[in-house]
Colleague: 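Encoded as structure tokens, here's the structure I'll be asking about.
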Amino acid sequence: MSAALLAGPPAAGALLDEARTRAAQLPRRPELHVIRLGEDPASVSYVALKEKKALEVGLGGVVHALPETTTQAELLTLIERLNADPAVSGLLVQLPLPTGIDSSRVLNAVSPDKDVDGFHPVNVGRLWTGAPALPPCTPAGVIRLLDFYGVPLSGQRAVIVGRSNIVGKPLAALLLARDATVTIAHSRTRELAALTRQADVLIAAAGRPHFITPEMVRPGAVVVDVGISRVGTSAAGRARLAGDVHPDVAQVADALTPVPGGVGPMTVAQLMLNTVLAAERLQAGEVPQELADVPLP
Ligand code: NAP
């Protein structure tokens, strides 16, 4: 028996449709602003993809492509300006930043209400306390993918391999909010296979190609492969990519996300929805200036 493939593109398509429909209902077009420093080829291509998807769903926006020599002070000044600009709904700074720039200082300078990457500590706190947050895109995209394919989460035992701030930890918060029983494993976890074999839903986010083998998976489990590692170059010169999950897991699992074409498309689609969510909240909070000037009783 071979696992059902939980392909990303149809689920991402549904997410993009939702973003497009909700954006069209707003009084003003949401704008996604992306700040990129330098010409790192991976960053250039990620940002180009975000720009393309934003156009596809009818969002406005600007890519602020700055030279690698931009100082931290100049970057913070631009973020401050975009934070204050009411036309800007979503703002993100493409990582990694050049050495010499304090990434956490920069990310913390983005207004939490425009932080469409969901990395700001205020959004992290909102996520864990159940307040309306802008959730990080990859974990939120994983939940959307599971929902799209009707995978139940309530009462299910979920095991996440990986505890990063951008994937493992926020995914744990989102799964808990959906009433799953969650365990997070990491590089110091003992008896990892015994733990992963207990999972109804197993999520691999370790960045280790093919390291989840069939013996680590409970027959009938749903397996989500977040990992993407470059494992070589094809004859045509294209990057060969591998997930964290060994292809033979398809013989054991009930359902499995492919790599590429699984979680990846969900991440950028969720970014579009986050921009619309931010715009909805910001535009709902707007009051005419004459009313804003009236002192509160
Ligand atoms: P990361 O920051 O490097 O974190 C990796 C996590 O995996 C760490 O918590 C680490 O444990 C754990 N780990 C590493 N080796 C392990 C092992 N042998 N056993 C158990 N746990 C182990 O990576 P990340 O940013 O979360 O990304 C994880 C993967 O997802 C990468 O392949 C990345 O490219 C991919 N990714 C994909 C998307 C997407 O859109 N599809 C988005 C983001 C990331 P310690 O904490 O103990 O070191």
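What you see is a predicted model; the values in this text were computed from it and never measured. All ligand and atom numbering here is 1-based and tracks the order in the structure.
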Colleague: Verify the cluster assignment for V167 and V142: are they in a single hydrophobic cluster under the rule of side-chain heavy atoms below 4.5 Å apart?
Modeller: yes
Colleague: Which residue owns the protein heavy atom closest to atom 42 (C) of ligand 1, what's the atom, and how far is it?
Modeller: T138 OG1, 3.2 Å
Colleague: Can you pull out the closest protein heavy atom to atom 31 (C) of ligand 1? Residue, atom name and distance to 0.1 Å, please.
Modeller: G207 CA, 3.6 Å
Colleague: Taking 4.0 angstrom as the limit and counting only heavy atoms of V167, give me the atoms of ligand 1 inside it, by number and element.
Modeller: 26 (O), 43 (C), 44 (C)
Colleague: Is there a donor-acceptor contact under 3.5 Å from the side chain of S111 to the main chain of D113?
Modeller: yes
Colleague: Under 4.0 Å from atom 25 (O) of ligand 1, is there any protein heavy atom?
Modeller: yes
Colleague: Nearest heavy atom to atom 5 (C) of ligand 1 wins, so pick from A185, G141, A206, G262.
Modeller: A206
Colleague: Which of the numbered atoms in ligand 1 are under 4.0 angstrom from any heavy atom belonging to R163?
Modeller: 6 (C), 8 (C), 9 (O), 45 (P), 46 (O), 47 (O)
Colleague: Checking a contact table here: which protein heavy atom is nearest atom 23 (O) of ligand 1, and how many Å away?
Modeller: S164 CB, 4.4 Å
Colleague: Donor-acceptor pair, distance only, cut-off 3.5 Å: does the side chain of D244 make one with the backbone of G207?
Modeller: yes
Colleague: Report the nearest protein non-hydrogen atom to atom 21 (N) of ligand 1: residue, atom name, distance rounded to 0.1 Å.
Modeller: H186 C, 3.1 Å
Colleague: Would the number of heavy atoms belonging to other residues, nucleotides or ligands and lying under 6.0 Å from CD of E74 be above 12?
Modeller: yes
Colleague: What are the atoms of ligand 1, with element, lying closer than 4.0 Å to any heavy atom of V161?
Modeller: 20 (C), 21 (N)
Colleague: Could you tell me which atoms of ligand 1, counted from 1 in the order shown, lie closer than 4.0 angstrom to a heavy atom of F211?
Modeller: 17 (C), 18 (N), 19 (N)
Colleague: Is a side-chain N or O of Q251 found less than 3.5 angstrom from the main chain of D248, in a donor-acceptor match?
Modeller: no
Colleague: Do V226 and V259 sit in one hydrophobic cluster, given that two such residues count as connected whenever their side-chain heavy atoms are within less than 4.5 Å of each other, even indirectly?
Modeller: no
Colleague: Under the 3.5 angstrom rule, does the side chain of R144 hit a backbone N or O of A11 as a donor-acceptor pair?
Modeller: no
Colleague: Sub-3.5 Å donor-acceptor pair from the side chain of Q72 to the main-chain atoms of D102, do we have one?
Modeller: yes
Colleague: Closer than 4.0 Å to some heavy atom of G162 - which atoms of ligand 1 meet that?
Modeller: 6 (C), 7 (O), 9 (O), 12 (C)
Colleague: Below 4.0 angstrom from a heavy atom of I166, which ligand 1 atoms are there? Numbered from 1 as shown, please.
Modeller: 25 (O)
Colleague: Heavy atoms only, cut-off 4.0 Å: how does T189 contact ligand 1, side chain, backbone, both, or neither?
Modeller: neither
Colleague: Just to be sure I read this right, does ligand 1 sit under 4.0 Å from the backbone of T267, its side chain, both, or neither, counting only heavy atoms?
Modeller: side chain
Colleague: Ignoring hydrogens and geometry beyond distance, is a side-chain donor-acceptor pair present between T138 and T267 at under 3.5 Å?
Modeller: yes
Colleague: Taking R197 for the side chain and E215 for the main chain, is one N or O donor matched with an acceptor at less than 3.5 Å?
Modeller: yes
Colleague: Among G227, S187, S229, whose heavy atom sits nearest atom 11 (O) of ligand 1?
Modeller: S187
Colleague: Among all protein heavy atoms, pick the one closest to atom 35 (C) of ligand 1 and tell me residue, atom and distance.
Modeller: V226 O, 3.4 Å
Colleague: Under 4.0 angstrom from ligand 1, any heavy atom of A205?
Modeller: yes
Colleague: Which bit of R208 gets closer than 4.0 Å to ligand 1, counting heavy atoms only: side chain, backbone, both or neither?
Modeller: side chain
Colleague: Side chain to side chain donor-acceptor pair (under 3.5 Å) for R157 and Q198? Distances and angles first, verdict last.
Modeller: CA-CA 7 Å; R157 178 144 199 170; Q198 293 175 28; 3.0 Å; yes
Colleague: Please state which protein non-hydrogen atom is closest to atom 32 (O) of ligand 1 and give its distance, to 0.1 Å?
Modeller: I228 N, 2.9 Å
Colleague: Main chain of T257, side chain of D225: is a donor-acceptor contact present, judged purely on distance under 3.5 Å?
Modeller: no
